[in-house]
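Throughout, numbering of the chain's residues begins at 1 and tracks the sequence. When reading the values below, keep in mind they use all heavy atoms of this one structure, side chains included, and skip hydrogens, waters and symmetry mates. Because the structure is a prediction, the values reported are computed rather than measured.
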Amino acid sequence: MVAVAVVLYFAGGLALSLAVIAAVLAGTALFPILLPWLPTHNFSTKGFILGGLVALPFSLSAFLAHPGWMWWQHAGQALGLLLAMPAVTAFIALNFTGSTTFTSRSGVKREMYRYIPAMAWTFGTGILLTVFFCIGPLMEINE
């Protein structure tokens with residue numbers, strides 16, 4: 001987490017660095033605390049919901065961070081954060097499925113096969129959008 005946060009600090013700024021830290025801490029610290037109160041039965045969807053709530057302030061701050069950007073650049077950055085952060089939190093939350101009395105072995109396998117591809121696709125898409133809309137403008141090509 002620290003290594004990725006440092007790299008993103010230099011590549012995309014403080015907001016991206018804090019977003020990484022918030023997504024990981026939401027999955028490791030907030031999720032076990034809020035587990036009984038998060039809706040749905042699957043740990044993955046609970047993680048997606050918690051990750052979405054944690055990502056919301058970061059995606060809203062994307063509209064304030066760079067006043068010179070076009071609206072579509074702000075929207076792309078916000079969408080990238082809304083896709084990548086919940087996937088990270090959901091993956092970490094999925095790792096708690098075997099350590100509770102709520103789940104069975106077959107339920108854990110079913111949840112993993114069902115949600116890991118969705119996590120991978122949303123994370124990959126979010127990372128691509130973040131790279132394109134956050135890091136891309138730093139490498140502006142003068143026309």
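In this structure, OG1 in Thr130 is found 8.5 Å from CZ in Phe123, a value given to the nearest 0.5 Å. In this structure, the separation between CZ on Phe63 and CH2 on Trp71 is 9.0 Å, given to the nearest 0.5 Å. Rounded to the nearest 0.5 angstrom, Leu94 CG and Met119 CE are separated by 4.5 Å. Separating the CD1 atom in Ile127 from the CG atom in Leu81 is a distance of 9.0 Å, to the nearest 0.5 Å. For the atom pair CG of Leu35 and CZ of Phe43, the computed distance is 4.5 Å after rounding to the nearest 0.5 Å. For the atom pair OG1 (Thr125) and CG (Leu82), the distance works out to 13.0 Å, reported to the nearest 0.5 Å.
Side-chain contact check for Met112 versus Thr97: every heavy-atom pair is 4.5 Å or farther apart. In this structure, Thr89 and Phe31 have side chains that are not in contact, with every pair of non-hydrogen atoms separated by 4.5 Å or more. Side-chain contact check for Leu30 versus Leu25: every heavy-atom pair is 4.5 Å or farther apart. Between Phe48 and Thr122, the closest side-chain pair of non-hydrogen atoms falls below 4.5 Å. Looking at heavy atoms from C-beta onward, Leu16 lies out of side-chain contact with Val20 at the 4.5 angstrom threshold.
Listed for the Ser17 side chain is no donor-acceptor partner under 3.5 Å among the backbone atoms of Tyr9. Checking side-chain atoms of Gln77 against main-chain N and O of His74 turns up no donor-acceptor pair under 3.5 Å.
Shown here for Arg114 and Asn42, the closest heavy-atom pair between the two residues is NH1-ND2, 4.1 Å. Counting all heavy atoms, side chain and backbone alike, Ala78 lies closest to Ser59 at CB-O, 3.4 Å. Closest approach of Gly27 to Phe96, counting heavy atoms only: O-CE1, 3.3 Å. Pairing each heavy atom of His41 with each of Lys46, the nearest pair is O-CE, 4.0 Å.
Under the 4.5 Å side-chain contact rule for hydrophobic residues, Met70 and Leu79 share a cluster. There is a path of hydrophobic side-chain contacts, each under 4.5 Å, that joins Phe10 to Val131. The hydrophobic cluster containing Met85 also contains Met1, counting ILVMFWY residues as joined when their side-chain heavy atoms lie under 4.5 angstrom apart, directly or transitively. Linking Ile, Leu, Val, Met, Phe, Trp and Tyr whenever their side-chain heavy atoms come within less than 4.5 Å puts Val88 and Val2 in one cluster. A continuous path of Ile, Leu, Val, Met, Phe, Trp and Tyr side chains, each step under 4.5 Å between heavy atoms, connects Ile92 with Leu38, placing both in one hydrophobic cluster.
Counted within 6.0 Å of CZ on Phe91, heavy atoms from surrounding residues, nucleotides or ligands total 12 or fewer; the atom is thus considered open.
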